[in-house]
Structures are given as structure tokens and as C-alpha cells.
Amino acid sequence: MAAAATGPPQQSLSFSTVQQLQSLPHLSDYLENLKTLTNPLDHNQFFHPPDADGFYLTPSDVVLRQIVYDLSSSSSDNTAPSHHQSYHRAGPRKQIFFDPDHVRAAIVTCGGLCPGLNTVIRELVVGLWDLYGVREIFGVKSGYRGFYSGGEPVPLNPKLVHNWHKRGGTALETSRGGFDLDKIVNAIQHRGFNQIYIIGGDGTMRGAVKIFDEIHRRKLNVGVVGIPKTVDNDIGIIDKSFGFQTAVEMAQQAINAAHVEAESAVNGIGLVKLMGRSTGHIALHATLSSRDVDCCLVPENDFYLEGKGGLFEFLEHRLKQNGHAVLVVAEGAGQDMIPRTDAQKEERDESGNLVFLDVGGWLKSELKKWWYRDHPDELFTVKYIDPTYMIRAVHANATDNIYCTLLAHSAIHGIMAGYTGFVPGPINGNYAYIPVEEVSQAKNPVNTRDHRWAWRILVGWRILGYRPLYGVKRWAFRY
Ligand SMILES: Nc1ncnc2c1ncn2[C@@H]1O[C@H](COP(=O)(O)OP(=O)(O)OP(=O)(O)O)[C@@H](O)[C@H]1O
Ligand SMILES: O=P(O)(O)OC[C@H]1O[C@](O)(CO)[C@@H](O)[C@@H]1O
Ligand SMILES: [Mg+2]
């Protein structure tokens, strides 16, 4: 192609990056003489395509982790080993390592709720049943503790779960805490489970690593797969977690209400608190998609209230300019600024997560103090909306439902093929198998530094005062 008449000078650049294939644990790593069978999909009239060779995946089918490179740079982050990694592609294999007649699958959900949990459970059941002919599928009730306490696992079948994708929550129930490794693995052995599907967030994945390690140590013929669930979208490597988009969509209702309330008052502020313990993805995406939000506070960026570049100065400006303002805050933002008693400093939930204080309630009271101190004679209103569980206690939207289905089926194909200690997930749009240990350590903060996300950085910069005070609406349109 001819070089453009104007524009940057063209350089000849070469691209030779060696991709390291991330090894994936397999039952044959520690068990000898495992029998293999031909995949029953071979005889499935709906699945078996004319070109069977192209249908099944082999170990040479990989997904690249890094697809964006700076070809002119040899010393940039692009050379970091993690960016050169590739992962096995998810999907059915020609040979399977489990006889479907001998599979006893267990499904468990742990941690907080997330839209799509029931869809994943449903699709695990339907997929195991219809694709592979598995008939012994059990739901473990109430999280990790359900393996060893609280009654018998529930037998599951397609008829029972047929409409579960239309229900929020988890029909298997969930809980925090109760992780007792020995009791869990003893129960797995005692009940004869040989495929364990563990659906949960970062804490759950750390537990899954321990279960996988213990099963490995005991040399059990048991496959373990983690299915990452986090409404906060705080799990790394994968593109995003299921339920996140649904939550962002649900948050719009709260933002709309805050906007209406703010607009309808003199010097009105609509304040919305959204979930996000350590990451501000929900707050940020809800902000940017709404176009009604003036300021978004996320845990990844510190902010301050008073003085030049502080939140109050920004709001003062917006109220003068626009008569009202909408503020969105992620629950994990500003936690260091809220006064805590000694008891509150120590308070943790059953899983050991620090219990957060209500940043929304605190901000509301600080805003009022500020306004009436500086403007004693002017009207002012703060309407605080905390939709908390309303954004996650719903069923998944259409996009998340498809995502959950692909995740569940990827998990089944992987475990039937003998892989274990892995997580299925989309990387750059393609489903891959990632070692659960790697996923359990990978975080996914909002990237406030990368130039590709300049529009995001502005959200924080504006508050810190490095930029003129512009609303998100205006900046978001520019990019
Ligand atoms: N380091 C760990 N080792 C073993 N088990 C853990 C660990 N961290 C958490 N768990 C267990 O995992 C389960 C879920 O953990 P947690 O309550 O932190 O939720 P999560 O999986 O992080 O989900 P989310 O935070 O998205 O709601 C609990 O049963 C908890 O005891
Ligand atoms: O009140 P629960 O059920 O412990 O869950 C609240 C937490 O769970 C999450 O939804 C997911 O970690 C967080 O955003 C929130 O802090
Ligand atoms: Mg968590």
C-alpha cells in the first residue's frame, strides 16, 4: 500500500515475539494408565460436523494473552514474560478421560451473589447431561461448608433446572467462610465425586487452588475447575467476569433517579454508591454509559474534599455552572478517609474480608457540613441512593446469559478432556483455559495510567485538580 502523503514517517519494523504456552495441569501429570475414550460428541447428531478434524481442539490450539504491541519498543512492558503467554483454547477434545457413566459431578457456588450464577449452574447440568450423557450431577448447598455440613447434595437434572437462568441469586445457595480443606476433600472422596465445579470470586479461587493441590497430593482421579464469578469484575487475565454487564445496566436506574432528584432541586446533588470493593469498574462503566454523571470516585484513585482541586471545589463549580450535579462513588473509594473506631478497624466478614464503612452516607454528611458552612443562606439538597444488592440480585441479561453458557460448556469440555486445576475464560474474545493458581493471584484494577484509557484518567484527574473542571459527560464525548 502506498504511504499516505501526509502523516507519520513509515518505518520498517519486524515482529518476532516467542509465545510461551502456559502449561495446564492434567490428571495424567500424576496418575498413570488413565483410560481414554472417544468423545461422545462424535455420535451427537447436533454437534458432529462433517469435518470432524476441524471441530476438535488440540494442544496446539492457543489463545494469545497480549494482542497489542509497540513494535518500535524493545524495552517496554511488551517484553514482560506475562505478555508473551498463550493459553490452551477452550473447547471439546477428541479423546476424553472420563467415562460419562462413571462421572459424579458436584457444583458449588461461593461468595456473594452475581447475575448469571443460576445460568452457569443450569448450563453445567444441561451440558453434562446432553453433550456427554452424564447422569449423576449434584448441587452442593451453601458454599464450601456444604461439602461437609448442612445436608445431602441435591441431585440435578435438566428438567429441574430448565428455567433457572430466569432467576436471580443461586438456587444452590451460597455463603462466605466455612473453608475447611480436609473436611472438604474428605467429603469429595467419601461421596465419590470426581468432577468438581467451583463457581466463585477471588477468595473462592484461592480455595479452589488449595482443593486442587490437596487432590493432587492425595493422587485422586478428580478434576477441579473454577468458574470465575465477580460482579465487581476484579479478577484478572479474563476479559471481564459474567454478571458485570448486567450490574452496570441495573445501576442506570439508580443514576437516573439521582439525576432526576438533583435536577429538580436548587443546588441539588444526586449521590449514588455502587458495588466495587477494590475496583471501580461498575462505578466507572455505569458513569460513562449514563452520561448524566459529573464525577466518579473509584478506589484506584485517591481523592480529597477540601482545597484546590478537591471534591468540594469541583462541585461548587458544577453547581454554579449547571445548577445540579450527579456523583457516583464505588463502595471501596475513600475508605481511608472515613473515621473508624478501633472495633470497626478490625471488623471482618466470615471470609476474612474487611467490612467497609458506608462511603455514601459519610460523603452525604460531609457535603452538607461543607455547604452550610460556606453557604449558610442558600438552598442545598443531597439525595443519596444506595442500590447495593439491587444491581446483583437479578438474573443475567441476554449477553451475560450467553457468556455463562459458553463458560459452563468450556468448563465441561476441559474437565472431560482430563484438564484440572483450571479456569475457563475469555481472553481477547476467545475462550481459553488458564491455571486456577494464576487466576487466583491476578487482579484487575481499573487502569488509570494507560493512554488508551485517557478518558478514564480524566475522571480522577479532574478531582485531583490537574485539569480544568469538566464534567464526565463532556470528556466522554470527546473520546
Ligand atoms: N485464601 C483462601 N483460602 C481458602 N479459602 C478461601 C480463601 N479466601 C476465601 N476463601 C473461601 O472462599 C469462599 C468465598 O470467599 P469470599 O467470601 O471472599 O468471596 P469471593 O469468592 O471472593 O466472592 P466475591 O468477593 O466476589 O463475593 C469462602 O468460603 C471463603 O472461606
Ligand atoms: O454483603 P455481602 O453479601 O457480603 O457482599 C457484599 C460484597 O460482595 C460484592 O458484591 C462482591 O465481592 C462486593 O461488591 C460487596 O462488597
Ligand atoms: Mg472477593
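We count ligands from 1, going down the list as the structure has it; atoms in each ligand are counted the same way. The residues of the chain are indexed from 1 along the displayed sequence.
Test Lys443, Arg206, Arg65 against Glu438 for salt bridge (Lys or Arg N to Asp or Glu O under 4.0 Å) and you get one pass: Arg65. For the side chain to side chain contact (heavy atoms under 4.5 Å, CB included) criterion with Ile235, the lone passing option out of Pro228, Ser241, Ser440 is Pro228.
Near Asn353, with a cut-off below 4.0 Å to any heavy atom, the atoms of ligand 1 are 16 (P), 17 (O), 18 (O). Interface atoms of ligand 2 facing Tyr389, defined by a heavy-atom separation under 4.0 Å, are 1 (O), 2 (P). Those atoms of ligand 2 that come under 4.0 Å of a heavy atom in Met275, given as number and element, are 10 (O), 14 (O).
In the displayed structure, Met337 atom CE is contacted under 6.0 Å by more than 12 heavy atoms of other residues, nucleotides or ligands. The environment of Arg191 atom CZ is dense: over 12 non-hydrogen atoms of other residues, nucleotides or ligands sit within 6.0 angstrom.
Distances from atom 28 (C) of ligand 1 to the heavy atoms of Gly177, Cys110, Gly200, Gly201 put Gly177 nearest. Ranked by closest heavy atom to atom 8 (O) of ligand 2, the top entry among Lys229, Glu331, Arg277, Arg392 is Arg392. For atom 3 (N) of ligand 1, the nearest non-hydrogen atom from the set Lys210, Arg206, Met205 comes from Lys210.
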May I have the step-by-step check of side-chain hydrogen bond (donor to acceptor under 3.5 Å, both in side chains) for Tyr384 and Asp358, ending in yes or no?
-> CA-CA 11 Å; Tyr384 171 37; Asp358 177 12; 2.7 Å; yes

Could you check Asn401 against Thr119 for side-chain hydrogen bond (donor to acceptor under 3.5 Å, both in side chains), going step by step and ending with a plain yes or no?
-> CA-CA 6 Å; Asn401 261 334; Thr119 311; 2.6 Å; yes

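Here's the thing with Asp349: none of its N/O atoms is less than 3.5 angstrom from an N/O atom of ligand 1. By the 3.5 Å distance cut-off applied to N or O atoms, Arg176 is counted among the residues near ligand 1. Between Gly178 and ligand 1, no pair of N/O atoms sits closer than 3.5 Å. Any N or O atom pair closer than 3.5 Å counts here, and Asp349 shares no such pair with ligand 2. The shortest N or O to N or O distance between Tyr144 and ligand 1 is not below 3.5 Å. The distance criterion of under 3.5 Å between nitrogen or oxygen atoms is met by Gly203 with respect to ligand 1.
Using a 4.5 Å cut-off on side-chain heavy atoms (C-beta onward), Leu357 and Trp362 make no contact. With contacts defined as side-chain heavy-atom distances shorter than 4.5 Å, the pair Pro155/Ile137 does not qualify.
Heavy-atom distances between Lys229 and ligand 1 reach below 4.0 Å in at least one pair. Using a 4.0 Å cutoff on heavy atoms, Gly276 counts as a contact of ligand 2.
When hydrogens are left out, the protein atom nearest atom 12 (O) of ligand 2 is Asp232 OD2, 3.6 Å; that is the closest non-hydrogen contact. Closest to atom 14 (C) of ligand 1 among all protein heavy atoms lies Thr204 OG1, 3.3 Å.
Here Phe356 has no heavy atoms under 4.0 Å from ligand 2, in either its backbone or its side chain.
If you count the protein N, O or S atoms nearer to the Mg ion (ligand 3) than 2.8 Å, you get 1.
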